[in-house]
Amino acid sequence: MTDIIDELHWRGLIAQSTDEDALRARLAEGPITVYAGFDPTAESLHAGNLVPLLALRRFQRAGHRAVVLAGGATGLVGDPSGRASERSLNTPERVRELVEGIKVQLSAFVDFDGPNPAILVNNLDWTAPMSALEFLRDVGKHFTVNQMLAKESVSARLNGEGISYTEFSYMLLQSNDYLHLYRDHGCELQIGGSDQWGNITAGLDLIRKVTGGRAHALTVPLITNASGEKFGKSTGGGRLWLDPELTSPYAWYQYWINADDRDVVNWLRTFTFLDRDEVEALAAETAERPFARAAQRRLAEELTTLVHGKDETAKAIAASQALFGRGDLSELDPATLGAALREAGALRVEGALPSATALLAQSGLAKSLSDARRTVAEGGAYLNNVKVTDGDVPVAESELLHGRWLVLRKGKKTFAGVELVR
RNA sequence: GGCGGGUUGCCCGAGUGGCCAAAGGGAGUGGACUGUAAAUCCAUCGGCUCAGCCUACGCAGGUUCGAACCCUGCACCCGCCA
């Protein structure tokens, strides 16, 4: 087995780490317990969360024990790291709901069976019972405001629009989590995004002061695309969510297959478990025959399988082939066409067919009727791969494929289906 | 608590009485080119029953033929002083 640290380096997954030699020495002695935490800030985790989550899994595969932490407590407070402005607080009920949601997602990426099963914890379990006085005396006393002010997450705010006492305290909560896991689970390594460095090292200090023990920290880089944009933040239609209700497997697959040549090899390293030989072969293929998009196809396939499973991946691939194939849509058999359109997102219409612009708006391809009209005027609207010239007249029944389907397209690659239900 | 500055479209930001649905940039979207790539160029970028109309420049009210721009009150943000 290759050394896990070497592997992480090769994959470009180490942004910062504490004494690497000491960590290597510790890893050489035997299995270690590693943790990464995820706060419930949204309905679902997104593609960016995958990087630390997969890092945890990489450790697990290398024989170590993974602890996944859902931030039921920290989610109530709000992490100031990487944010220019204060977060608005979610209600406790809302946070509880979000925690339940992300717990399900988190548990899909680590293995709970086998010789070194992962565990899933919620920091609310040990944080909620603590009184304010205990917190101030047992945790707060170990931090000087001076060092807290020096943290990037805080100083950035001091120069900007300020920071509430609530968010200022965040690093103490996260530090206490690490201390708790160190004591109760023998956790010696915390992994997080590079914006977590300050919070993680604060935890190391706390562990050292309280127990005299030594633990380690490792951050994964913030993934950006070739244009330097934060990954997964904005992908045109919004974030790339792991939840299939928010980002369909088809849309997820399409995102990756559209990856920039300059990004695709890096992403194979950071987001997949393909080994070095496979990645290098795909890199060579991309350099020689970029138009074949072999690396993009593999990336999309791997990631869709990882997140949504084999069946959904097969459907996404089939839908992509049907819609992007240069064949005549009317030659597709009804089952293939219907499956592809449902996969891409199909609008059900009852009774009479409305106009093409109305369909564009209703299907969500256009964000309003005005937007749909604009698209038609610009020559970017297609019905069954034929450019729409007059968008305001009702679509003729004769356009229906197999008597019930319409293929709507906006631009070169955004499809939606329309299914007429009589 | 006092004084000063600010609040403009998805974001940044110009505009200080009519020429403002609001300059410029970014993001987004469509087109050309291509490989479902990048770069580049062009267009577009509040809504609608779309040659017109409606809604919009923190909120509410006022002055005016006419207000994002002037006045009053309120809210919030930033800075300085206490």
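Convention: sequence-line order gives letters A, B, ...; per-chain numbering from 1.
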Notebook entry, point to check: Is there a Watson-Crick or G-U wobble partner for B/rG66 with both distances under 3.5 Å, and which nucleotide is it?
Noted result: none

Listed pairs, N/O of protein and of nucleotides 49-53 of chain B, under 3.5 Å:
residue : atom : partner  : partner atom : Å
B/rU49  : OP2  : A/Arg373 : NH1          : 3.4
B/rU49  : OP2  : A/Arg373 : NH2          : 3.3
B/rC50  : N4   : A/Ser370 : OG           : 3.0
B/rC50  : N4   : A/Arg373 : NH1          : 2.4

Please table the atom pairs, donor to acceptor, closer than 3.5 Å between any side-chain atom in residues 89-103 of chain A and protein atoms at least two apart or in another chain.
residue : atom : partner : partner atom : Å
A/Thr91 : OG1  : A/Arg94 : N            : 3.1
A/Arg94 : NH2  : A/Glu43 : OE1          : 3.0

Margin query: Within the supplied structure, the quantity of interest is the number of heavy atoms (other residues, nucleotides, ligands) at a distance under 6.0 Å from A/Glu134 CD; does it exceed 12?
Written below: yes

Check: Think A/Lys367 has a side-chain N or O under 4.0 angstrom from the OP1 or OP2 of B/rG30?
Finding: no

Notebook entry, point to check: Below 4.0 angstrom from OP1 or OP2 of B/rG30, is there any side-chain N or O of A/Thr375?
Noted result: no

Note to self: Does B/rG47 have its OP1 or OP2 closer than 4.0 Å to a side-chain nitrogen or oxygen of A/Arg374?
What the structure shows: yes

Note to self: Work out how far the P atom of B/rG58 is from that of B/rA68, and round it to whole angstrom.
What the structure shows: 10 Å

Margin query: Under 3.5 Å, is there a donor on one side chain and an acceptor on the other for A/Asn199 and A/Gln190?
Written below: no

Next item on the list: Show your reasoning for whether side chain to side chain contact (heavy atoms under 4.5 Å, CB included) applies to A/Leu124 and A/Leu76.
Entry: CA-CA 9 Å; A/Leu124 190 66; A/Leu76 288 166; 4.0 Å; yes

Next item on the list: Counting Watson-Crick and G-U wobble pairs only, both distances under 3.5 Å, name the nucleotide matched with B/rC80, or none.
Entry: B/rG2

Checklist line | 4.5 Å side-chain heavy-atom contact, A/Leu149 and A/Phe168 | finding: yes

Margin query: Can you see if the side chain of A/Ser368 gets near the phosphate of B/rC48 - specifically, an N or O under 4.0 Å from OP1 or OP2?
Written below: yes

Next item on the list: Decide, yes or no, whether a salt bridge links A/Asp111 with A/Arg61 under the criterion of side-chain N to carboxylate O below 4.0 Å.
Entry: no

Notebook entry, point to check: Quantified in whole Å, what is the C1' atom distance between nucleotide B/rG73 and nucleotide B/rU63?
Noted result: 15 Å

Checklist line | Pairwise P distance, B/rG2 and B/rU8 [rounded to whole Å] | finding: 25 Å

Polar-atom pairs under 3.5 Å, protein N or O versus N or O of nucleotides 75-80 of chain B: list them with distances, or write none.
residue : atom : partner  : partner atom : Å
B/rC78  : OP1  : A/Glu161 : O            : 2.7

Next item on the list: Would you please name every residue forming a side chain to side chain contact (heavy atoms under 4.5 Å, CB included) with A/Val279, sequence neighbours left out?
Entry: A/Trp10, A/Val265, A/Leu268, A/Arg269, A/Leu274

Next item on the list: Please check if any side-chain donor atom of A/Gln16 sits under 3.5 Å from a side-chain acceptor atom of A/Ser194, or the reverse.
Entry: no

Margin query: I'd like to check the side chain to side chain contact (heavy atoms under 4.5 Å, CB included) partners of A/Pro334; sequence neighbours left out, ordered by chain and number.
Written below: A/His402

Checklist line | Row check, A/Tyr382 ring normal vs A/Arg409 NZ/CZ: under 6.0 Å, within 45° | finding: yes

Below 3.5 Å is the cut-off: list the nitrogen or oxygen pairs between protein and nucleotides 31-35 of chain B, distance only.
residue : atom : partner  : partner atom : Å
B/rC33  : N4   : A/Lys412 : NZ           : 2.9
B/rG35  : O6   : A/Asp261 : OD2          : 3.3
B/rG35  : N1   : A/Asp261 : OD1          : 3.4
B/rG35  : N1   : A/Asp261 : OD2          : 2.5
B/rG35  : N2   : A/Asp261 : OD1          : 2.6
B/rG35  : N2   : A/Asp261 : OD2          : 3.4
B/rG35  : N2   : A/Pro290 : O            : 3.2
B/rG35  : N2   : A/Arg293 : NH1          : 3.0
B/rG35  : N3   : A/Arg293 : NH1          : 3.3

Next item on the list: Measure from CG on A/Asp263 to P on B/rA37 and round the result to the nearest Å.
Entry: 14 Å

Check: With both distances under 3.5 Å as the test, what is the Watson-Crick or G-U wobble partner of B/rC41?
Finding: B/rG31

Item checked: Inter-nucleotide C1' distance (B/rG24, B/rC45), Å rounded -> 15 Å

Next item on the list: Would you kindly say whether A/Asp177 and A/Thr74 are connected by a side-chain donor-acceptor distance under 3.5 Å?
Entry: no

